[in-house]
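So the structure is just underneath, and the comments pick up after that.
These numbers come from the heavy atoms of this one structure, side chains and all, not from hydrogens, waters or symmetry mates.
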Protein chains: 4
Amino acid sequence: MSPPARRTGRPRSAEADRAILGATRAALVELGWSKLTMGDVAARAGVAKTTLYRRWTNKSELVVDAVAALLDEQLELPDLGSLRADVEETVLRFAALLARPEARTSLMAVVAEATRDEALRERIRTAIVDRQKRLVLLGRERAQARGELLREADLAAAARNADLIFDVIAGAVMHRTLVSADAVDAPWARDFAELLLCGLPAPAPAQKPAGSV
Amino acid sequence: MSPPARRTGRPRSAEADRAILGATRAALVELGWSKLTMGDVAARAGVAKTTLYRRWTNKSELVVDAVAALLDEQLELPDLGSLRADVEETVLRFAALLARPEARTSLMAVVAEATRDEALRERIRTAIVDRQKRLVLLGRERAQARGELLREADLAAAARNADLIFDVIAGAVMHRTLVSADAVDAPWARDFAELLLCGLPAPAPAQKPAGSV
Amino acid sequence: MSPPARRTGRPRSAEADRAILGATRAALVELGWSKLTMGDVAARAGVAKTTLYRRWTNKSELVVDAVAALLDEQLELPDLGSLRADVEETVLRFAALLARPEARTSLMAVVAEATRDEALRERIRTAIVDRQKRLVLLGRERAQARGELLREADLAAAARNADLIFDVIAGAVMHRTLVSADAVDAPWARDFAELLLCGLPAPAPAQKPAGSV
Amino acid sequence: MSPPARRTGRPRSAEADRAILGATRAALVELGWSKLTMGDVAARAGVAKTTLYRRWTNKSELVVDAVAALLDEQLELPDLGSLRADVEETVLRFAALLARPEARTSLMAVVAEATRDEALRERIRTAIVDRQKRLVLLGRERAQARGELLREADLAAAARNADLIFDVIAGAVMHRTLVSADAVDAPWARDFAELLLCGLPAPAPAQKPAGSV
DNA sequence: TATTAACCGAGACGGTACGTCGGGTCTTGTA
DNA sequence: TACAAGACCCGACGTACCGTCTCGGTTAATA
């Protein structure tokens with residue numbers, strides 16, 4: 001069932017594979033998705049266009065693969081002694097990643113493409129989202145150990161909550177960077193952490209009776 | 001201030017503006033971003049291609065404006081009597097909009113394109129971001145009137161805060177929808193509103209004594 | 001029958017007429033027929049396009065009028081004492097005229113346009129051809145007076161002959177200049193006059209028995 | 001000498017060359033120069049527009065070649081036994097060609113365009129002028145073989161002379177047809193051949209006693 | 001060692017859309 | 001009315017990229 005390993009004929013050049021992916025990543029950084037052309041990638045890789053199409057059926061497929069390789073870098077969770085400090089630092093690290101043009105461009109390109117490609121969406125979910133979610137889980141673990149966070153009884157609720165926090169953090173940073181086109185700097189990170197930990201500033205401390213969720 | 005110029009010559013047809021934006025939205029729905037062509041939009045609008053390019057330099061710019069109009073008409077702030085309910089409802093409305101393929105696709109395409117196009121970024125900011133921020137401002141106004149929110153003394157801080165809240169709400173919804181590829185439904189909206197209003201659940205109400213923040 | 005002289009309303013600006021024709025000639029010289037645009041002419045004349053179209057229905061009509069004015073300069077027949085010398089000098093003068101880009105360009109443009117415009121053809125015939133034919137008639141007159149040329153008995157034949165000579169001289173110069181793209185210089189003029197006066201070089205003097213022609 | 005290059009890559013389709021030139025001629029006949037469009041030619045030829053532009057940079061260049069092919073196929077030198085008869089027949093054949101509107105129109109259009117386009121002038125020279133000059137060379141060869149013409153000693157002079165004769169014949173016919181707008185018919189051809197072979201009718205330098213005619 | 005099938009580069013091909021340009025018309029406000 | 005300005009419709013222009021298709025030539029496994 002698995003590919004019976006083509007046997008006859010000249011085998012494909014592994015060199016070419018490497019060169020093509022490298023050239024694609026370079027072109028992505030310089031030009032972005034929409035101005036990247038197959039002809040240009042081929043030229044950069046010192047390869048014929050035919051060679052590209054022998055391996056990938058599409059511009060999309062090629063670029064997605066190139067991006068996937070690019071995004072294998074991972075964020076690491078800091079441990080600064082308090083939940084608030086850890087959140088701020090994580091936000092700043094993620095923003096630093098998004099500040100790099102190749103990351104920003106290719107991430108968005110792949111997300112945009114995914115808006116009309118179910119398979120790609122699934123691929124993003126497993127390759128990126130699920131992998132980064134561990135940061136939230138780990139951070140919560142630590143905070144609970146420190147006594148900074150309530151330990152949730154309901155397991156399902158706990159999972160749902162982790163998902164929510166992940167979307168809030170990642171979404172806020174991405175939205176500010178890519179849509180609002182504003183900088184994510186230390187003051188913003190501080191304000192964001194404050195909001196995340198304490199919520200909107202209610203007028204009277206007495207308004208929140210004891211025992212509320 | 002801005003429109004004192006343009007006195008001589010035949011004025012631009014407002015009719016054409018409407019027809020073009022309408023045709024663009026219709027084409028987006030039917031074809032999606034990538035298959036939408038300027039020529040087709042012109043034909044649908046009963047207008048010459050030149051007339052499009054006299055108003056928008058690009059396919060991107062045109063689509064940004066069409067999307068902005070779409071958001072304008074679709075997003076209204078509800079008034080359900082409490083900040084919490086208003087937030088939930090707004091989140092759900094925004095999610096409903098993103099569930100429509102033409103909105104999702106074109107919004108993301110435009111954002112992706114903007115990652116390497118400063119002018120487009122600026123246009124998104126003025127045409128979409130600044131315009132939708134009114135929802136946050138209006139919502140805060142009402143909540144303060146109801147006594148649900150502290151009235152901020154510092155004006156600059158108030159503005160910064162509105163920006164932050166906007167990015168958090170819009171970012172969370174977009175990220176969950178487009179990146180995490182999960183549904184934004186009523187339970188999620190409830191959890192999100194809870195988090196936004198109250199922050200992460202601290203273990204004891206008395207735990208935050210002196211010296212905080 | 002003659003134009004009843006419009007009376008009401010603002011009269012047309014004679015200034016504008018002059019400016020337009022001048023601008024057209026200037027544009028013809030610089031750009032040639034095909035790259036001359038109505039918009040450019042209007043701009044040079046400091047006039048709106050509407051004003052052009054109020055006076056001429058077409059680009060063609062406008063340019064033809066401009067060319068006609070240009071060609072009102074005339075060639076003068078020299079009198080150098082012999083038919084041969086007069087022919088050579090006339091050829092060189094005509095060539096000098098064709099060497100001027102505005103003359104060359106606009107003349108050809110108008111002729112090309114005439115290939116599909118009967119009315120224009122007629123206009124060229126009366127405005128240019130018939131007017132220049134006088135040179136042939138005058139030259140023949142003088143040569144006959146000097147005894148260099150046979151005086152034709154048949155009047156119709158004489159007229160036909162003048163037409164022929166005109167086409168041969170003008171045609172040869174124009175063809176060499178415009179089609180063959182070679183220079184019409186003194187040696188060529190000499191060779192041409194020799195050919196015109198004596199015909200192709202026959203091998204034996206005895207071949208043309210008396211009384212021929 | 002000229003085609004040693006071009007070794008790699010897919011070779012250009014000779015089929016396409018034929019189809020394009022054929023389609024161009026057909027379009028010229030139906031539409032004339034100014035209404036002929038590259039897109040239409042491509043469609044008729046069953047070829048992409050790109051393929052046209054890969055071979056010809058311009059509408060003008062393409063039409064020049066199409067016209068050249070037209071002349072090639074239409075103009076053959078007759079052999080009627082005498083130089084005089086051959087000249088007459090050639091003149092009539094050329095005139096018949098110029099009577100066809102597509103030939104007349106496109107030839108003139110191309111020449112007019114060339115008055116301000118050096119590259120086009122060069123192309124006309126090589127594609128049309130040099131190619132048709134063969135008729136003069138061949139005709140002279142035959143006439144000399146028959147003993148009707150002097151064999152020139154000086155080679156350079158012979159070449160100059162062929163150029164001259166070509167310009168005289170082609171120029172006279174074109175001028176009469178296109179500028180004078182008169183018919184080139186059998187009588188005119190006879191008069192022209194007489195003039196070309198014998199020159200202007202001199203009164204016989206002393207040979208002919210006074211009072212002749 | 002010779003065969004041979006699949007590879008490779010180059011580049012032409014049919015398409016489709018792009019953004020621009022010019023022709024000729026129409027619509028303003030002003031003189 | 002004419003005029004300057006400039007928007008309008010139309011249609012062709014020449015370009016760019018897509019993904020496919022020959023070409024002539026190379027290269028490793030097989031026979």
Specify the closest pair of heavy atoms between D:L120 and D:V110, including all atoms of both residues, with the distance to one decimal.
-> CD2-O, 3.9 Å

Looking only at non-hydrogen atoms, find the nearest pair between D:I20 and D:T51 and report the distance.
-> CD1-CG2, 4.2 Å

Pairs under 3.5 angstrom, nitrogen or oxygen only, protein versus nucleotides 15-18 of chain F, please.
from: F:dC18; atom 1: OP1; to: A:M38; atom 2: N; distance (Å): 3.4
from: F:dC18; atom 1: OP2; to: A:M38; atom 2: N; distance (Å): 2.9

Could you tell me whether a side-chain N or O of [X] sits under 3.5 Å from a main-chain N or O of [Y], the two making a donor and an acceptor?
{"X": "B:R121", "Y": "B:T115", "value": "yes"}
{"X": "B:K49", "Y": "B:A43", "value": "no"}
{"X": "D:K59", "Y": "D:L36", "value": "yes"}

Write down the distance between [atom1] ([X]) and [atom2] ([N]), rounded to a whole number of angstrom.
{"X": "C:I20", "N": "F:dA2", "atom1": "CD1", "atom2": "C1'", "value": "12 Å"}
{"X": "D:R55", "N": "E:dA12", "atom1": "CZ", "atom2": "P", "value": "9 Å"}
{"X": "B:E15", "N": "F:dC8", "atom1": "CD", "atom2": "C1'", "value": "14 Å"}
{"X": "A:R54", "N": "E:dA10", "atom1": "CZ", "atom2": "P", "value": "13 Å"}
{"X": "B:L62", "N": "E:dC18", "atom1": "CG", "atom2": "P", "value": "11 Å"}
{"X": "A:L52", "N": "E:dC7", "atom1": "CG", "atom2": "C1'", "value": "15 Å"}
{"X": "C:L31", "N": "E:dC21", "atom1": "CG", "atom2": "P", "value": "15 Å"}
{"X": "B:N58", "N": "E:dC18", "atom1": "CG", "atom2": "C1'", "value": "11 Å"}

Is any side-chain N of the basic residue among [X] and [Y] closer than 4.0 Å to the acidic one's carboxylate O?
{"X": "B:R12", "Y": "B:D17", "value": "no"}
{"X": "D:D65", "Y": "D:R123", "value": "yes"}
{"X": "A:E30", "Y": "A:R44", "value": "yes"}

Quick one: on DNA chain E, does D:T51 or A:A16 contact a more 5' nucleotide (nearest heavy atom)?
-> A:A16

Pairs: protein N or O with nucleotides 28-31 of chain E N or O, under 3.5 Å:
none

Flag the pair D:W56 / D:T24 as yes when at least one side-chain heavy-atom distance between them is below 4.5 Å, and no otherwise.
-> no

